[in-house]
Number of protein chains: 2
Amino acid sequence: MALATRERILEAAGATLSRNPNASLDQIAVDARVGRATVFRHFESRAGLLKALAGRAIAETDRATRLAAADARTATEALKLITRAVVGAGESFRFLDSAAELYDEPEIVEAYQRQMSELADLVGAARREGFIRPDLPTAWVVASIDGLIWAACRAVGDGELGVVQAKDLVWETIADGLSTEGAREDRHADQA
Amino acid sequence: MALATRERILEAAGATLSRNPNASLDQIAVDARVGRATVFRHFESRAGLLKALAGRAIAETDRATRLAAADARTATEALKLITRAVVGAGESFRFLDSAAELYDEPEIVEAYQRQMSELADLVGAARREGFIRPDLPTAWVVASIDGLIWAACRAVGDGELGVVQAKDLVWETIADGLSTEGAREDRHADQA
DNA sequence: CATTGACGAGACTCTAGCGTCTCATTCAGG
DNA sequence: CCTGAATGAGACGCTAGAGTCTCGTCAATG
């Protein structure tokens, strides 16, 4: 039962910290229906728990990413599948929103930067395929994809959208934006 | 000098908390080049400081919003101006990212919900003007605008983009998405 | 039935950080 | 020069929460 307990703690920690980023270990233990001492039996410290949780989220994202990438024949398609996959895995890493302590963990920071870098590479490849508007800096494309995924995960977590719906909406928004087809002309007219 | 000191504390608090959401009052005081006791002379408590900071951000956003709305003749134009204005004021409220304590302050929560509600109304009006794609739920439109603004503020704060550039990019992305004009067809082809 | 391992409960220590208070200093205005 | 307000420095008490330890219980296993 050791594994089940550890898993239950991680699960509860993720859920509780998503709601309250400063939740105490005591609160997490209660939510996991586990004694506080048991938390320390499975994790070295609070930081250790956070680290394990982050590592789990990173691994989950990597797994989803690789699965998605394997099915894609173009970078654009990979971008689409990966975006959808990450939205699906969103619950795993929503707690990261405000886990500022993790900035001190080199492994975690490195893994995060690696994932961002992979995303940037993918965006670059999609750009070469002609999918990305040439006038947008890659940094912004990456940042806004990140922002939209974040918004989608938030909306799902708040019950505003279903997961399936959110996946569709994120990709549609990336591809087409929020406005009707004629918007591009409207915008240019506005700016004149 | 009282006002200048208070202002300096608020300024330092915003900057410091943006970097480290769990920064101590001591750290904030040091960054403000002020004695820790002086912080308590100007603010009732840590919560009071946070509240003042949030109130300042809300007021700043309201001001920017009203100024922008006054110049607009259509809801679509208002949405554009307000989005740009909020990106410009982004530094003011970036610290809110992880100020979970503020969820306990009714005034702050109410003000935030009011602003979100105003944004939703504006989106609804822009939708009636034909600017917003009819197939997108308003909740998602609001969430993704929020997400894109957040991404832009983050990018500016990280030095990846300039403020002016970020304002343009957010609105362009809202209007047109990230992909080239032919994307809509590509996407439908992908899904087939 | 005895053993073993995981667990819950709870007592205990330790520290960071909040909030209060005091006292000396500085500086502006009269 | 005198006075009062604002401040800096720092001592002090207090509490929440991290981390440790012990003991009794339960369940599985032999």
Side-chain angles (χ1 to χ4, degrees), chain A residues 1-56 95-108, chain B residues 1-56 95-108:
Chain A
M1 283 300 133
L3 256 183
T5 300
R6 185 188 164 94
E7 207 51 33
R8 208 164 67 229
I9 293 171
L10 284 171
E11 208 65 42
T16 303
L17 291 174
S18 294
R19 278 181 265 112
N20 172 19
N22 295 324
S24 66
L25 279 190
D26 196 273
Q27 185 60 53
I28 292 173
V30 168
D31 289 358
R33 284 161 307 147
V34 144
R36 201 170 65 93
T38 298
V39 176
F40 285 96
R41 287 190 185 101
H42 287 276
F43 302 94
E44 187 189 5
S45 63
R46 181 181 223 275
L49 172 59
L50 270 283
K51 203 169 151 187
L53 205 52
R56 199 170 166 247
F95 83 98
L96 284 170
D97 262 14
S98 29
E101 310 96 290
L102 289 173
Y103 293 169
D104 300 330
E105 303 288 345
E107 310 171 32
I108 304 297
Chain B
M1 281 298 151
L3 255 183
T5 300
R6 184 187 164 94
E7 207 53 32
R8 207 165 67 229
I9 294 171
L10 283 171
E11 208 65 41
T16 303
L17 291 174
S18 294
R19 277 181 267 111
N20 171 18
N22 295 323
S24 67
L25 278 189
D26 197 273
Q27 186 59 53
I28 292 172
V30 168
D31 289 358
R33 284 161 307 146
V34 145
R36 202 172 63 93
T38 299
V39 176
F40 285 96
R41 288 189 184 102
H42 287 277
F43 303 95
E44 186 188 6
S45 64
R46 181 180 224 276
L49 172 60
L50 270 284
K51 205 169 149 186
L53 205 52
R56 198 167 166 248
F95 83 98
L96 284 170
D97 263 14
S98 33
E101 310 96 290
L102 288 173
Y103 293 170
D104 299 331
E105 303 287 346
E107 310 171 33
I108 304 298

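Order of the sequence lines sets the chain letters (A, B, ...), proteins ahead of strands, with each chain counted from 1.
Side-chain atoms of B/Thr38 and B/Arg41 form a donor-acceptor pair, as typed in the model, at a separation below 3.5 Å.
For the pair A/Asn22 CG and D/dG17 P, the computed distance is 10 Å after rounding to whole Å. In this structure, B/Arg33 atom CZ and D/dA6 atom C1' are separated by 16 Å, rounded to whole Å. Regarding A/Phe40, its CZ atom lies at a distance of 15 Å from the C1' atom of C/dA9, rounded to whole Å. Look at CG on B/Asp26: it is 15 Å from C1' on C/dT15, rounded to the nearest Å. Remark: C1' of C/dA16 and CD of A/Glu101 are 14 Å apart, rounded to the nearest angstrom. The CG atom of B/Asn20 sits 15 Å away from the P atom of C/dA16 (whole-angstrom rounding). Atom CG of B/Leu50 is separated from atom C1' of C/dC18 by 13 Å (rounded to the nearest Å). Protein atom CZ of B/Phe43 is 14 Å distant from nucleotide atom P of C/dC18, rounded to whole Å.
Residues A/His42 and A/Arg8 fail the side-chain proximity criterion, which asks for heavy atoms closer than 4.5 Å.
A sub-4.0 Å separation between OP1 or OP2 of C/dA6 and a side-chain N or O of A/His42 is absent. Phosphate contact (OP1/OP2 of C/dA6, side-chain N/O of A/Thr38, threshold under 4.0 Å): absent. Contact annotation: B/Ser24 side-chain N/O to C/dA16 OP1/OP2 distance is not under 4.0 Å.
Counting only heavy atoms from C-beta on, A/Ala37 has its side chain closest to C/dG10 among C/dG10, D/dT7, C/dT20. Each of C/dC7, D/dG19, C/dC18 was ranked by its minimum atom distance to the side chain of B/Leu25; first place goes to C/dC18. Residue B/Arg46 places its side chain closer to C/dC18 than to any other of C/dC18, C/dA9, D/dA9. Here C/dC18 is the nucleotide among C/dC18, D/dA9, D/dA18 with the atom lying nearest to any side-chain atom of B/Arg36.
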- request: Take B/Leu50 and B/Ile108, measure what side-chain contact (heavy atoms from CB on, under 4.5 Å) needs, and give me the verdict at the end.
  value: CA-CA 10 Å; B/Leu50 270 284; B/Ile108 304 298; over 6 Å; no

message: Run B/Asn20 and A/Tyr103 through side-chain contact (heavy atoms from CB on, under 4.5 Å) and show every step you take.
response: CA-CA 9 Å; B/Asn20 171 18; A/Tyr103 293 169; over 6 Å; no

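The 5' end of DNA chain D is approached more closely, in terms of each residue's nearest nucleotide, by B/Gly35 than by the other of B/Gly35 and A/Glu44.
Side-chain atoms of B/Arg41 come within donor-acceptor range of the base of D/dG8, with a qualifying N/O pair under 3.5 Å.
Considering NZ of A/Lys51 and CG of A/Leu49, their distance stands at 12.5 Å, rounded to 0.5 Å.
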